[in-house]
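The structure under discussion appears below in the form of C-alpha cells.
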Amino acid sequence: MAKEKVCLAYSGGLDTSCILAWLIEKGYSVICFMADVGQEEDFEAAKQKALKIGAEKVYVEDLRREFIEELCFPAVQCNAIYENVYLLGTSLARPVIARSQIAVAQKENCVAVSHGCTGKGNDQVRFELAFYALQPSIKVIAPWRIPEFYTRFAGRNDLLDYASQQNIPVTSTKSKPWSMDENLAHCSYEAGILEDPDTTPPQDMWKLTVDPTRAPDTPEDFTLFFEKGLPTKLVHTDETGASKTITDSLDLFLAVNTIARRHGVGRIDIVENRFIGMKSRGCYETPGLTCLRSAHLDLEGLVLDREVRALRDQFVTFHYAKVLYNGLYFSPEREFLEKAIVASQEQVNGQVRCRVYKGGFSVLGRSSETERLYDMSESSMDEIGSFEPSETTGFISVQAIRLKKYGAMKNEKGER
C-alpha cells in the first residue's frame with residue numbers, strides 16, 4: 001500500500017531535518033519544499049541533505065520576483081508599517097512561500113503539508129491560514145504543537161541526539177544565542193539573549209548592514225522613479241563611477257538593497273504585539289525597503305490629494321499592515337484593500353533624489369512632470385500668485401480651492 005505523502009517546508013537546519021526524519025519514522029513519504037526568497041543559503045547542499053535523510057523529492061522554487069512584485073511593491077505603494085515601526089519583512093514573504101508549497105503539494109498529490117514553526121510564533125498562523133485558504137481540504141501537520149513531538153524533543157540537545165541516531169549531518173552543535181529569518185527584504189532576529197528587552201544586541205548579530213558608525217564617511221546619492229506609486233527606475237553612480245539606470249523590478253530592489261546595506265540603513269530594535277496575544281522583542285534589518293518606502297512617502301507629499309491621503313493612511317495602510325501581519329493575505333479584505341491602494345496611487349508619479357549616510361536616509365529633492373497639485377508661485381511667501389486669501393474663509397471655500405485644482409488637473413489630462 002502506497003504511503004501517504006506530506007509536503008514539508010524544509011530549511012536544511014536542525015529542526016526541519018529532524019522533522020523530516022520524524023515524519024518518515026511515522027510512515028509518511030515526504031516531499032521537501034524550499035523557497036528561495038533571497039536568503040543567503042546553499043540550496044544545493046540543503047537539497048542533498050534532505051535526500052540523504054530520506055526525502056522522496058526536493059523542490060527548490062525561486063520566488064524572488066513574485067515576492068518583490070506582488071508583496072513588497074504593494075507594501076511600498078501604501079507605506080505599509082506595523083505599529084509605526086515594523087516594515088513587515090517576514091510577513092510579506094509568507095504568502096508567496098505558502099502558495100508555492102501548496103502548488104507543490106497539489107502536484108505531488110500530498111494529503112498534508114507540514115512546517116517547523118513554533119507554537120508561540122506568528123508564522124504558524126500565517127502559513128496555516130494561507131494553506132486552508134488555498135486548499136480547504138488540506139491537512140496540516142505542525143509538529144511543535146503535537147505533544148508526542150514536543151515532549152520527545154524538549155530542547156536542542158534532544159534534537160542533536162536524535163540527529164546523531166538518525167545519521168543526520170549537523171554542521172555545528174553550537175547555536176548562536178538567537179534565531180534568524182532572512183529574505184530579500186530583511187533579516188529578523190529574536191529569542192535567546194534577545195528575550196530580555198534591555199539586552200543590547202551584539203554587533204556581530206547584524207548580518208545584512210554595516211554598523212552605521214563604520215559606514216563610509218562619504219554619503220551616496222541616487223534617484224528613484226515612481227509610476228502609480230510603484231518603483232520603476234533607479235539611477236545611481238556605480239562603484240566604477242559610471243552612471244547606471246536600472247528598470248527591472250528585481251534588479252532595482254537588489255541594487256537599492258546593496259546601496260542601503262553598505263551605509264547601515266534600516267536597523268530597528270522593537271517590542272511588538274504578536275497576533276497570538278503576547279509581546280515579543282525583535283531586531284530587524286530592512287535596508288532597501290526602508291529607502292523605497294521613505295522615498296514613496298515623500299513623493300506623496302508632493303502629488304497626492306490630502307483627503308485621499310488621509311483616508312488611505314487612516315484606513316487602508318493600517319488595515320493592510322494588520323492583514324499582512326496576522327496572516328490574512330488570502331482573504332476578501334486584502335483583495336478589497338489592494339483595490340483601494342491602486343485607486344489611491346493613480347496620481348503618484350515622479351522622482352525622488354535620495355541620500356544615504358551612516359544609517360540615515362534623507363531626501364534631497366522631489367519632482368513630478370505629470371501632477372499639478374503643488375503650485376510653487378501659489379505657495380510662495382514672496383508673491384500672491386493665483387491664491388486669494390479671502391477664499392480661506394469657511395470650510396466650503398477651503399474645500400473649493402482643493403477641488404478646483406484637482407478638477408483642473410483631471411481636465412488637463414482629458415479624464416473628464
Side-chain angles (χ1 to χ4, degrees), residues 5-13 15-17 19-20 23 30-43 46-47 50 55 57-75 80 82 86-108 110 112-118 121-136 138-144 179-188 190 249-250 253 275 282 284 286 289 320-321 323-331 334 338:
K5 288 185 180 181
V6 175
C7 182
L8 170 66
Y10 183 73
S11 70
D15 284 34
T16 54
S17 293
I19 290 172
L20 167 57
L23 288 169
V30 183
I31 308 297
C32 283
F33 164 79
M34 300 183 70
D36 179 0
V37 285
Q39 67 272 40
E40 296 174 359
E41 189 170 317
D42 189 339
F43 291 102
K47 178 178 180 180
K57 292 181 184 178
V58 180
Y59 285 79
V60 180
E61 302 294 305
D62 186 351
L63 308 177
R64 294 176 301 161
R65 183 171 297 278
E66 59 191 271
F67 173 43
I68 296 305
E69 294 179 348
E70 297 181 33
L71 274 299
C72 291
F73 278 7
Y82 181 73
Y86 175 43
L87 298 189
L88 301 156
T90 299
S91 314
L92 288 167
R94 296 325 187 208
V96 293
I97 295 173
R99 183 172 61 194
S100 187
Q101 185 176 354
I102 285 292
V104 169
Q106 291 171 338
K107 180 179 178 180
E108 292 291 337
C110 295
V113 290
S114 184
H115 60 75
C117 302
T118 72
N122 289 317
D123 277 346
Q124 58 179 335
V125 177
R126 294 167 183 152
F127 280 121
E128 292 183 32
L129 290 179
F131 293 151
Y132 292 133
L134 293 164
Q135 186 174 330
I138 199 69
K139 176 183 176 183
V140 176
I141 299 174
W144 287 115
S179 65
M180 295 170 49
D181 180 78
E182 182 187 0
N183 60 47
L184 202 57
H186 91 155
C187 190
S188 66
E190 62 181 10
S249 58
L250 180 57
F253 196 94
F275 175 63
Y284 302 98
T286 317
L289 196 58
Y320 190 70
V323 161
L324 287 170
Y325 190 84
N326 292 344
L328 296 168
Y329 182 82
F330 297 102
S331 65
R334 191 272 306 174
E338 283 202 350

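Computed over heavy atoms, backbone and side chain alike; hydrogens, waters and symmetry mates excluded.
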(request) Could you check Tyr59 against Lys107 for side-chain contact (heavy atoms from CB on, under 4.5 Å), going step by step and ending with a plain yes or no? (result) CA-CA 11 Å; Tyr59 285 79; Lys107 180 179 178 180; 3.6 Å; yes
Could you measure the distance from the [atom1] atom of [X] to the [atom2] atom of [Y]? Nearest 0.5 Å is fine.
{"X": "Ile141", "Y": "Ile19", "atom1": "CD1", "atom2": "CD1", "answer": "10.5 Å"}
{"X": "Leu87", "Y": "Leu92", "atom1": "CG", "atom2": "CG", "answer": "8.5 Å"}
{"X": "Ser188", "Y": "Met180", "atom1": "OG", "atom2": "CE", "answer": "8.0 Å"}
{"X": "Phe33", "Y": "Cys110", "atom1": "CZ", "atom2": "SG", "answer": "12.0 Å"}

Non-neighbouring partners of [X] that pass salt bridge (Lys or Arg N to Asp or Glu O under 4.0 Å), sequence neighbours left out:
{"X": "Glu190", "answer": "Arg274"}
{"X": "Arg94", "answer": "Asp123, Asp181"}
{"X": "Lys5", "answer": "Glu56, Glu108"}

Do any N or O atoms from the side chain of [X] and from the backbone of [Y] form a donor-acceptor pair under 3.5 angstrom?
{"X": "Ser17", "Y": "Gly13", "value": "yes"}
{"X": "Gln39", "Y": "Ala35", "value": "yes"}
{"X": "Asn326", "Y": "Phe275", "value": "no"}

(message) Using a strict threshold of under 4.0 Å (side-chain N to carboxylate O), is an ion pair present between Arg65 and Glu70?
(response) no
